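Can you keep this structure in mind? I'll have questions shortly.
Values in this document were obtained by computation on a predicted structure and should not be read as measured data.
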Amino acid sequence: MRKDIQNPDDLPRYPAGAPHRDDEASKDGARLVNRTGGRVTQCDFALAVVQAAGPRGIRANDVYTAPDSPFPDLSTCRARLSDLKKQGKIGKKGERTEGNSGVRVNLWVAAEYLPKPDNDDSSPDLFDKAA
């Protein structure tokens, strides 16, 4: 059996294939988006919309309702945003805003706009060693 196959029913491991739970309905959905290429297309679309929002961020519902959206429903859009988060391409801005249902929701931003952790050692100090 190939190493990129997760189980005998031919579901590639994430991130090569769609993530899924261990129930048949979830596996059926994963097989469909793997076969049609819909997951990749949807991820590409969502990433482009999140990147276009810039540092201000964007709600999942706004990604879902963006012009030419390929998502059949909001839950599919949220699943693709989760895929992108797991891949490190986007993240939660750390702020929430009012959602359509009155519940405060997360804002998504592209990875380059994510807040840097307090212990970010990405830039060397003056002598390239800790003081």
Side-chain angles (χ1 to χ4, degrees):
M1 187 184 312
R2 295 184 353 219
K3 289 183 179 186
D4 65 332
I5 301 299
Q6 187 168 350
N7 54 44
D9 51 2
D10 202 32
L11 286 168
R13 292 180 192 227
Y14 180 82
H20 57 83
R21 294 178 303 280
D22 198 28
D23 62 82
E24 285 307 309
S26 182
K27 290 177 182 179
D28 286 346
R31 285 184 196 101
L32 174 67
V33 297
N34 287 340
R35 184 175 61 248
T36 64
R39 176 178 165 260
V40 173
T41 302
Q42 291 169 352
C43 282
D44 290 345
F45 179 87
L47 180 59
V49 173
V50 172
Q51 288 173 327
R56 75 180 185 281
I58 191 167
R59 302 175 309 164
N61 194 70
D62 296 325
V63 175
Y64 168 61
T65 59
D68 300 317
S69 171
F71 305 109
D73 50 56
L74 181 56
S75 62
T76 303
C77 178
R78 287 184 176 138
R80 297 307 149 253
L81 291 169
S82 291
D83 283 349
L84 292 169
K85 181 181 178 228
K86 289 175 187 171
Q87 294 171 21
K89 295 179 180 181
I90 68 170
K92 294 176 184 176
K93 182 178 180 180
E95 296 177 22
R96 294 173 68 184
T97 188
E98 189 79 14
N100 291 358
S101 63
V103 175
R104 296 184 61 72
V105 297
N106 290 305
L107 290 172
W108 293 97
V109 292
E112 60 263 29
Y113 300 116
L114 288 171
K116 300 288 183 239
D118 291 337
N119 61 354
D120 181 16
D121 293 334
S122 61
S123 57
D125 62 69
L126 182 60
F127 301 103
D128 199 25
K129 59 183 175 181

> Can you get from V109 to V49 by hopping between Ile, Leu, Val, Met, Phe, Trp and Tyr side chains that sit under 4.5 Å apart?
Replying inline: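 No, because V109 and V49 fall into different hydrophobic clusters, even though each may have its own neighbours under 4.5 Å.
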>> Looking at K93 and R56, would you say the former's side chain and the latter's main chain have a donor-acceptor pair under 3.5 Å?
In response: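 Side chain of K93 to backbone of R56: a pair is present.
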>> Using 0.5 Å steps for rounding, measure from the CG atom of N106 to the CD atom of E95.
In response: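 That separation rounds to 10.5 Å.
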>> Nearest 0.5 angstrom please: R59 CZ to R78 CZ, how far?
In response: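 Here the interatomic distance stands at 10.5 Å.
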> Between K86 and D83, does at least one N-O distance fall below 4.0 Å, as a salt bridge requires?
Replying inline: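 No, K86 and D83 are not salt-bridged.
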> Can you tell me how far NZ of K92 sits from CG of L81, rounded to the nearest 0.5 angstrom?
Replying inline: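 Going from the CG atom of L81 to the NZ atom of K92 covers 11.0 Å.
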>> Give me the atom names and distance for the closest heavy-atom approach of G88 to A111.
In response: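 Nearest heavy atoms, G88 then A111: O-CB, 3.3 Å.
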> If you group Ile, Leu, Val, Met, Phe, Trp and Tyr whenever their side-chain heavy atoms sit less than 4.5 Å apart, what else falls in with L107?
Replying inline: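 None, because no other hydrophobic side chain comes under 4.5 Å of this residue.
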> Roughly how far, to the nearest 0.5 Å, is CD1 of I90 from NZ of K85?
Replying inline: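 So the NZ of K85 and the CD1 of I90 are separated by 9.0 Å.
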> In the single-linkage hydrophobic clustering (I, L, V, M, F, W, Y; side-chain heavy atoms under 4.5 Å), do V50 and L114 co-cluster?
Replying inline: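 No, V50 and L114 fall in different hydrophobic clusters.
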> Taking atom CH2 of W108 and atom NZ of K89, what is their separation to the nearest 0.5 Å?
Replying inline: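 It comes to 14.5 Å.
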Side-chain donor-acceptor distances from residues 63-76 under 3.5 Å, at least two apart:
unit_1	atom_1	unit_2	atom_2	d
T65	OG1	N61	O	3.0
S69	OG	Y64	O	2.8
S69	OG	F71	N	3.3
D73	OD1	S75	N	3.4
D73	OD1	S75	OG	2.8
D73	OD1	T76	N	2.8
D73	OD1	T76	OG1	2.6

> Between the main-chain N or O of T41 and the side-chain N or O of R80, is there a donor-acceptor pair closer than 3.5 Å?
Replying inline: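 Such a contact is absent between R80 side chain and T41 backbone.
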>> Which heavy atom of A46 sits nearest to which heavy atom of L84, and what is that distance?
In response: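 It is CB-CD1, 3.8 Å.
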